[in-house]
Amino acid sequence: MKARELGRGSIVVGDRVDVVGDLSGRPDTLARVVRVRERASVLRRTADDTDPVERVIVANADQLAIVCALADPAPQPRFVDRCLVAAYDAGLEPLLCLTKADLAAPDEMLGTYKPLGLPYEVLGPDEDLGELRSRLAGQTTVFVGSSGVGKSTLVNRLVPGTDRAVGHVNAVTGRGRHTSTSALALEFEGGWLIDTPGVRSFGLAHIDAAEIVAGFHDLDAFAVDCPPDCSHQAEATDCAITAALERGEIDPERVASLRRLLSSREGEDETEPSSPPTGPHS
Ligand code: ZN
């Protein structure tokens with residue numbers, strides 16, 4: 001249990017804490033979390049219908065694995081863009097995992113994200129996961145993806161038996177899997193895989209344009225000459241990035257990617273089909 005002096009602050013998956021008391025784990029024993037260590041990174045979830053407050057969902061992660069299907073459902077670049085902004089903001093390395101490669105070619109999605117220089121994996125149902133495993137080993141990786149993209153299937157292939165573990169958690173909390181927003185950490189080859197059932201979007205409203213531009217080192221060098229609060233979009237007045245683009249000094253595809261990510265903060269998330277997930281392999 002949480003010590004009273006911690007107040008109302010929450011403890012989330014990935015937090016490093018100090019614990020006192022009986023640590024044996026036997027029934028009817030008690031240990032208290034007395035301190036939460038400073039968080040190296042913080043990933044936030046957007047408020048939604050079930051919870052009106054924007055919350056930290058995972059602390060201290062290193063990497064964000066963005067799972068996106070190449071077909072069935074069709075790729076959602078807007079979702080990927082929003083995940084990328086959340087990753088850059090939280091200080092996590094993004095890793096693009098394109099699933100269902102047996103159903104469609106990855107060329108278009110890879111073309112879209114090539115200017116960002118992202119690490120990526122193209123995965124079919126029988127794909128060897130060796131390279132992905134080595135990218136995950138020793139890291140704390142958060143998996144995100146909307147329903148039907150094969151995220152749970154992928155996590156279960158990496159850590160067999162995950163379905164049972166998830167069922168156990170549900171039995172304890174009494175919450176249905178599709179409504180649960182709590183993250184689940186699974187030990188994996190010297191690191192952790194953190195599955196985030198029910199996380200459909202990230203809180204991006206607080207993110208300053210400068211934090212996103214900082215991720216684009218080639219463009220950031222020009223942005224210092226922009227007017228304060230420059231949107232860096234094509235219509236912005238006296239934007240130094242636009243000027244450099246017109247002089248041919250920067251890659252137009254990089255500018256297009258930056259502008260897309262900047263505008264991904266605006267508006268609502270794409271809503272998902274309201275039908276309940278079909279099962280643990282959603
Ligand atoms: Zn600008």
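First listed ligand is number 1; within each ligand, the first listed atom is number 1.
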(request) Quick one: name the protein N/O/S atoms under 2.8 Å from the Zn ion (ligand 1), chain by chain. (result) C226 SG, C230 SG, H232 ND1, C239 SG
(message) I'd like to check the side chain to side chain contact (heavy atoms under 4.5 Å, CB included) partners of A243; sequence neighbours left out, ordered by chain and number.
(response) R247
(message) Just so I know, are the side chains of I241 and L258 near enough to count as touching, which here means a heavy-atom distance under 4.5 Å?
(response) yes
(request) Indicate yes or no: at least one non-hydrogen side-chain atom of L84 is less than 4.5 angstrom from one of I66. (result) yes
Distance-only criterion, 3.5 Å: show the donor-acceptor pairs between side-chain atoms of residues 220-236 and protein atoms not counting sequence neighbours.
unit_1: S231; atom_1: OG; unit_2: Q233; atom_2: N; d: 3.2
unit_1: Q233; atom_1: NE2; unit_2: R259; atom_2: O; d: 3.2

(request) To the nearest 0.5 Å, tell me how far M109 CE sits from L98 CG. (result) 5.5 Å
Using atom types as modelled, flag every donor-acceptor pair under 3.5 Å from a side chain in residues 129-143 to any protein atom, sequence neighbours excluded.
unit_1: R133; atom_1: NH1; unit_2: E189; atom_2: OE2; d: 2.8
unit_1: R133; atom_1: NH2; unit_2: L158; atom_2: O; d: 3.4
unit_1: S134; atom_1: OG; unit_2: E131; atom_2: O; d: 2.8
unit_1: R135; atom_1: NE; unit_2: E121; atom_2: OE2; d: 2.7
unit_1: T141; atom_1: OG1; unit_2: Q63; atom_2: NE2; d: 2.9

